[in-house]
A.B. asks: 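Below is a structure I'd like to ask you about.
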Amino acid sequence: MPELPEVETVVRGLRTVLPGRRILNVRLGKTDFIEDPAALESQLPGGRIVAVRRHGKFIVVELDSENGRRQATSLLIHLGMTGQLVTCPTETRILPHTHVFFGLDDGRELRYTDIRRFGQMRILANGAHESVLGGLGLDPLEASEQEFSARIRARSAHIKALLLDQHVLRGMGNIYTDESLWRARIHPRRLGAKLSDAEVHKLYRVMRQVLNEAIRLGGSSISDYVDADGQPGEFQIWHRAYGREGKKCSRCGKTIQRIIVAGRSSYFCPGCQRASRKIRRKRTPR
DNA sequence: CTTACGGCCTGGGTGC
DNA sequence: TGCACCCAGGCCGTAA
């Protein structure tokens, strides 16, 4: 579920409460989504949180390296489809599927809840960041238009697949990809290498616009997503394509369709997101 | 090197 | 009420 705006919202929330806190203890439930559960239990207690960062859809909780014997480490968290990372008082009722508890030195806890356990959690020793996070693509909000254009044009895959590919861009997911393509009036099956200058320019602009608006509204909540305080986002109200199969396009009035592209449900308007002639011919053979 | 697909896991919704 | 089936914000490994 969580894409860049949701992860950014969670990180901003955590940033207001975690830095400066010391982790006192770690309690684990199911651990099949944790790379090395024993490492969490042995290396995190005693550590002080110094920063919380986002890298694509990953959350990086940085710990200090004080008292010499312990190496500086980071806690790397990916929320997968249904992961939630929330701080609350220790006595707060425990939600089902909560599998990780970090006891903090202010009487609160950082909890990780994940129904489907598609998330991921691991310890990163100092210096291991590059090997794990270095392979990811451009941050959509930091990349220049030139960099974006070069990456998109370099491969002739469907534009939908390119936007979703974390090695091309880091942070885009199914919702913001469909919303960006709708705003740019680009069909999800168009090929990256074949987009015009004007189309790439438009896509770059609207993608940043969509992401920034979503961040401002605290992300999109479809079912499971909540921020670091357990609150849902509000951007779903503004979706114009995602999840709107059968509804009228707010721009041209045609009916929004759902097709599978890159193995994912893809919502688009056949009226204002025209397929290339080649694709159209394939779909309506004479 | 690509792309396509199944699988991971649980729950919600729908239709019979 | 039960059951089968489809769908879900992500991503990885394997096969072609």
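What you see is a predicted model; the values in this text were computed from it and never measured. To find a chain, count down the sequence lines: A is the first, B the second, and so on, and within it residues start at 1.
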A.B. asks: C:dG10 C1' sits how many Å from A:E3 CD, rounded?
C.D. replies: 9 Å

A.B. asks: Does A:R264 place a side-chain N or O at less than 4.0 Å from the phosphate oxygens OP1/OP2 of C:dG9?
C.D. replies: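 Yes, such a contact exists.
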
A.B. asks: Measuring centre to centre across the rings, with the benzene-like ring taken for any Trp, is A:Y112 within less than 6.0 Å of A:H99?
C.D. replies: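 That pair fails the under 6.0 Å test.
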
A.B. asks: Starting the side chain at C-beta, find the nucleotide from C:dG10, B:dT10, C:dG9 nearest to A:K57.
C.D. replies: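 Of the candidates, C:dG10 comes closest.
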
A.B. asks: Does any donor-acceptor pair link the side chain of A:S220 with the base of C:dG9 at a separation under 3.5 Å?
C.D. replies: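 In this structure, the two groups form no donor-acceptor pair.
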
A.B. asks: Just name whichever nucleotide pairs with B:dC9, Watson-Crick or G-U, keeping both distances under 3.5 Å, else none.
C.D. replies: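 Paired with B:dC9, as far as the under-3.5 Å criterion goes, is no nucleotide at all.
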
A.B. asks: Measuring from the side chain of A:S265 (C-beta onward, heavy atoms only), which nucleotide among B:dT10, C:dG10, C:dA8 has the closest atom?
C.D. replies: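 Within the option list, the nearest is C:dA8.
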
A.B. asks: Counting heavy atoms from C-beta on, name the nucleotide in C:dC11, B:dC9, C:dG9 closest to the side chain of A:N174.
C.D. replies: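 That would be C:dG9.
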
A.B. asks: Are A:R258 and A:S265 close enough that a side-chain donor and a side-chain acceptor fall under 3.5 Å?
C.D. replies: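 Their side chains do contain a donor-acceptor pair, which is all the 3.5 Å distance test asks for.
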
A.B. asks: For residues A:H239 and A:E179, is any side-chain donor paired with an opposing acceptor at under 3.5 Å?
C.D. replies: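 On atom types as modelled, these side chains do not qualify, holding no pair under 3.5 Å.
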
A.B. asks: Between A:Y225 and A:F235, does the ring centroid distance fall short of 6.0 Å?
C.D. replies: no

A.B. asks: From C-beta outward on A:A157, which listed nucleotide comes closest to its side chain: C:dG9, B:dT10, B:dT3?
C.D. replies: B:dT3

A.B. asks: Between A:R117 and B:dT10, does any side-chain N or O lie under 4.0 Å from OP1 or OP2?
C.D. replies: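 It does, given that an N or O in the side chain of A:R117 lies less than 4.0 Å from OP1 or OP2 of B:dT10.
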
A.B. asks: In the strands shown, is C:dG9 matched to any nucleotide by a Watson-Crick or G-U wobble pair with both distances under 3.5 Å, and which?
C.D. replies: none

A.B. asks: Where the side chain of A:Y242 is defined as all heavy atoms beyond and including C-beta, which of C:dG9, C:dG10, B:dT10 is the nearest nucleotide?
C.D. replies: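 So the side chain of A:Y242 is nearest to C:dG9.
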
A.B. asks: Out of B:dT10, B:dT3, C:dG10, which has the shortest distance to the side chain of A:R155?
C.D. replies: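 Output: B:dT3.
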
A.B. asks: Using only side-chain N and O atoms of A:Q166, determine if any of them is under 4.0 Å from OP1 or OP2 of C:dC11.
C.D. replies: yes

A.B. asks: Contact class for A:G173 (heavy atom, under 4.0 Å): base, sugar-phosphate, or nothing?
C.D. replies: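 Sugar-phosphate only.
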
A.B. asks: Quiz question: by atom type and distance under 3.5 Å, do the side chains of A:T82 and A:D114 form a donor-acceptor pair?
C.D. replies: yes

A.B. asks: Out of C:dG9, B:dT10, B:dC9, which nucleotide sits closest to the side chain of A:M81?
C.D. replies: C:dG9

